[in-house]
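Everything on this sheet refers to the single structure shown next.
So you know, we letter chains A, B, ... as the sequences are listed, proteins then strands, and number each from 1.
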Amino acid sequence: MDLDQLNKEQREAVVHTEGPLLIFAGAGSGKTRVLTHRIAYLIEEKGIYPSNILAITFTNKAAREMKERVDKLMDISASNMWISTFHSACAKILRMNIERLPEYKKNFVIFDSDDQEKIVKECLKELNYNEKNFPPRNVLSVISRAKDQMITAEKFMEKNMSDFKMRKFADIYKLYQDKLKKNNALDFDDMLLKTVELLAYNEDILKHYQDKFKYIMVDEYQDTNYCQYKLISLLARQHKNLCVVGDDDQCIYSWRGADIGNILNFEKDFSGAKVIKLEQNYRSTKTILDAANHVIKCNYGRKSKNLWTENGVGKSLIHYNGSDEREEADFITAEIERLGMEETREYRDFAVLYRTNAQSRIIEEMCMTRGIPYKIVGGFKFYDRKEVKDIIAYLRVIQNPTGDLSLKRIINVPKRGIGIASIEKLENHAKVAGDSIFDALLELEEIEGINAKAKKNMREFYRLIVELMAMSETLSIAELLKEVLERSGYLKELEDGEDEATESRADNIRELLSAAIEFEKKNEDRTLESFLEKLALMSDIDNLDSSKSALTMMTLHSAKGLEYPVVFIAGMEEGLFPSQRSYFEDKQMEEERRLMYVGITRAKEKLYLTSAFERTIYGHTTYTTVSQFVKEIPKDLITRI
DNA sequence: GGAGTTGGCGTGATG
DNA sequence: CGCCAACTCC
């Protein structure tokens with residue numbers, strides 16, 4: 001194996017295979033390269049079986065890339081090696097073992113944030129709590145933070161007995177969890193939490209995975225939360241061959257429970273850990289790196305490190321301040337066209353980054369006017385669309401008819417004359433009998449107060465589901481999808497619709513169909529279960545394909561791990577970036593600054609910072625001041641326009 | 001039971 | 001500005 005193309009530190013990190021290893025990898029210092037070489041080294045030089053390696057990444061996209069790069073480095077295939085995200089690794093473990101946890105069944109479903117919100121709303125209704133006092137999103141974030149910390153509903157209750165409001169949160173949490181169980185569902189946080197529980201309480205299962213994963217690697221370690229830390233420590237306890245890679249300066253997810261302490265305390269937690277710092281940057285010009293270093297220096301409590309590069313000085317940064325967001329967008333798009341001509345750059349060389357998704361719209365409009373091809377990462381996702389979720393709900397019910405939430409979603413979609421009142425009566429009956437709604441559909445004679453017409457429609461619906469369930473035994477997913485569309489009347493409803501929205505809805509359904517075909521082509525496990533799981537765990541960034549050349553727009557968060565020759569960071573204004581919400585706490589302000597650091601270091605050759613003197617947000621126009629982050633960059637590195 | 005309208009409210013980033 | 005719950009009307 002050829003290790004000559006690596007620098008001294010990189011090489012050291014590759015060959016240090018035994019015992020705990022912490023790699024501090026600055027932005028653009030070639031950490032993916034180190035990880036892929038390390039995997040190849042383990043297999044080719046050390047004779048380790050691929051199946052004994054576990055590599056955890058942050059996104060599916062990163063996992064896929066890593067797999068491809070490892071494959072390229074080696075002669076043998078790495079197909080039975082686990083290179084995946086935390087969530088899909090946990091999904092895999094749970095599929096095989098979840099029945100060892102009381103109350104969960106093998107065919108569990110994964111609830112996304114939409115499902116979660118619906119469940120919380122149900123809880124509030126039942127508990128008679130006001131949505132104004134307990135906004136579902138707030139409730140969910142409290143629950144989610146608790147789960148990150150591995151605080152169960154019961155523990156949460158104990159902890160918060162004395163606080164009037166928090167006790168109510170505890171009530172909601174408890175009921176929420178009960179409802180998930182009733183739906184045989186796990187939310188994203190549960191996937192991790194339940195895996196840790198499974199391993200912690202079942203010595204034999206733990207032993208099995210400890211023995212299997214003799215070598216463990218974790219990417220983006222700075223963004224792990226307590227639960228993920230726990231999972232990793234459990235698995236690595238046996239062999240202690242744990243290699244984590246991260247950069248404390250790029251910790252940008254503390255709002256969802258990431259604990260920067262995990263990386264800062266690694267040496268304490270894993271005694272005898274070796275620490276290697278990768279400080280040579282191969283990505284950016286001196287000027288860009290200089291700017292990044294100056295900004296991040298304003299943070300306290302960092303591990304000392306200093307990124308340097310042998311790259312050239314490059315071009316000066318540019319700060320453009322337009323009169324309003326329209327002018328800002330105009331400048332960005334004009335500049336992209338100009339550079340396209342003068343420097344013969346392709347559209348794929350550019351990225352526009354921003355703090356909030358809402359900022360994309362005006363830039364998008366301007367791209368359309370100028371005929372610049374673009375793609376937007378994040379924001380409203382394909383699988384969030386109503387019609388797609390409807391059809392997925394059908395699949396979920398077929399796979400697991402006792403999932404009340406999905407069943408309620410489709411029982412009257414398309415309209416089949418089963419109204420809210422009737423559904424409530426049905427649900428009530430189910431509740432009293434301790435059954436699912438699906439079961440209650442068989443006991444219609446016993447239910448009073450539903451009119452005969454509705455009952456008839458319910459019977460027909462029941463028959464439809466049973467029919468589809470039978471078909472699912474033999475049909476492929478794509479074929480099953482077609483039957484669902486046909487027999488449910490969903491397709492007909494779409495065809496009858498006249499407005500232009502129906503056309504795009506039909507398009508989306510076709511898109512789902514081709515996703516199913518694609519899935520069956522690419523995967524060995526073609527079960528409905530695994531298809532649904534794949535959909536649930538997919539994130540938007542995973543779809544980012546670079547086949548056609550287009551400008552990329554996304555949030556600064558989504559941009560982590562990516563790089564572009566020319567980068568624009570838009571909306572460099574106080575209150576927007578840094579966000580208003582971060583003013584109250586130094587810690588949060590520091591996280592904003594790390595986000596800025598991440599943004600700057602995405603750029604290879606040219607970096608633009610743009611702002612607007614006047615900005616309209618949610619209908620309100622306000623005057624702005626230029627972001628403090630711009631001022632933290634030395635003046636001589638920036639040209640003002 | 002269902003379609004259409006209104007008024008109030010929140011509006012950061014995600015697997 | 002866009003969404004959702006609540007309300008009105010058929």
Heavy atoms under 4.0 Å, any strand shown: does [X] hit a base, just sugar-phosphate, or nothing?
X        : result
A:Asp112 : nothing
A:Leu556 : nothing
A:Glu117 : nothing
A:Lys415 : sugar-phosphate
A:Ser582 : nothing

Spacing between [X] atom [atom1] and [N] atom [atom2], to the nearest angstrom:
X        : N      : atom1 : atom2 : answer
A:Asp190 : B:dG15 : CG    : P     : 18 Å
A:Phe111 : B:dT14 : CZ    : C1'   : 19 Å
A:Gln359 : C:dC1  : CD    : C1'   : 15 Å
A:Asn412 : B:dA3  : CG    : P     : 9 Å
A:Leu532 : B:dG15 : CG    : P     : 19 Å
A:Glu325 : C:dC1  : CD    : P     : 12 Å
A:Ile362 : C:dC1  : CD1   : C1'   : 14 Å
A:Ile569 : B:dA13 : CD1   : C1'   : 15 Å

(message) Ring of A:Phe156, cation from A:Lys147 - is the NZ or CZ under 6.0 Å from the centre and inside 45° of the axis?
(response)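 The answer is no; the distance or angle limit is not met.
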(request) Measure from NZ or CZ of A:Arg409 to the centre of the six-membered ring of A:Tyr394, then state whether that distance is under 6.0 Å and the direction lies within 45° of the axis. (result)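 Not flagged: A:Arg409 not positioned over aromatic ring of A:Tyr394.
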Listed nucleotide nearest any side-chain atom of [X], set [options]:
X        : options                : value
A:Arg361 : C:dC1, B:dT14, B:dG15  : C:dC1
A:Arg355 : B:dG12, C:dA5, C:dC1   : B:dG12
A:Arg137 : B:dT11, B:dG15, B:dT14 : B:dT11
A:Arg581 : B:dG1, B:dT11, B:dT14  : B:dT11
A:Arg256 : B:dG1, B:dT14, C:dA5   : B:dT14
A:Thr356 : B:dG15, B:dG1, B:dG12  : B:dG12
A:Glu592 : C:dC1, B:dG12, B:dG15  : B:dG12

(request) Assert yes or no for the condition that the ring centre distance of A:Phe58 to A:Tyr253 is strictly below 6.0 Å. (result)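 Yes - the distance between ring centres of A:Phe58 and A:Tyr253 falls below the 6.0 Å cut-off.
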(message) For A:Asp223, run the side-chain hydrogen bond (donor to acceptor under 3.5 Å, both in side chains) check against A:Lys560, A:Gln250, A:Gln228 and tell me which one passes.
(response)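 Result: among A:Lys560, A:Gln250, A:Gln228, A:Lys560 is the only option passing the side-chain hydrogen bond (donor to acceptor under 3.5 Å, both in side chains) with A:Asp223.
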(request) Examine distances only and state if a side-chain atom of A:Thr624 and a backbone atom of A:Phe613 form a donor-acceptor pair shorter than 3.5 Å. (result)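 Yes, the answer is positive, given that a donor and an acceptor are paired below the 3.5 Å cut-off.
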(request) For residues A:Ala258 and A:Gln222, report the shortest heavy-atom separation together with the two atoms involved. (result)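 Residues A:Ala258 and A:Gln222, closest heavy atoms: CB-O, 4.2 Å.
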Any side-chain N or O of [X] below 4.0 angstrom from OP1/OP2 of [N]?
X        : N      : answer
A:Lys121 : C:dC4  : no
A:Ser113 : B:dG15 : no
A:Asn357 : B:dG12 : no
A:Asn225 : B:dG15 : no

(message) Distance check, P atoms only: C:dC4 and B:dA13, in whole angstrom units.
(response)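 Rounded to whole Å, the distance is 16 Å.
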(message) Check for me: is A:Trp255 stacked on B:dG12 by the 5.5 Å centroid and 30° plane-angle rule?
(response)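 No; by the centre-distance and plane-angle rule, A:Trp255 does not count as stacking on B:dG12.
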(message) Could you check whether the side chain of A:Glu591 and the base of B:dG12 have a donor-acceptor pair of N or O atoms closer than 3.5 Å, going by distance alone?
(response)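 Result: no qualifying N/O pair found.
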(request) For A:Asp189 and for A:Gly419, locate the closest nucleotide of DNA chain B by heavy-atom distance; then report the residue assigned to the nucleotide nearer the 5' terminus. (result)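 Residue closer to the 5' terminus by nearest nucleotide: A:Gly419.
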(request) Nearest-nucleotide wise, let me know which of A:Asn138 and A:Ala454 is further upstream toward the 5' end of DNA chain B. (result)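 Final value for this comparison: A:Ala454.
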(request) Could you tell me whether A:Asp390 and A:Lys386 have a side-chain N and a carboxylate O separated by less than 4.0 Å? (result)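 Looking at A:Lys386 together with A:Asp390, the answer is yes, because their closest N to O distance falls below 4.0 Å.
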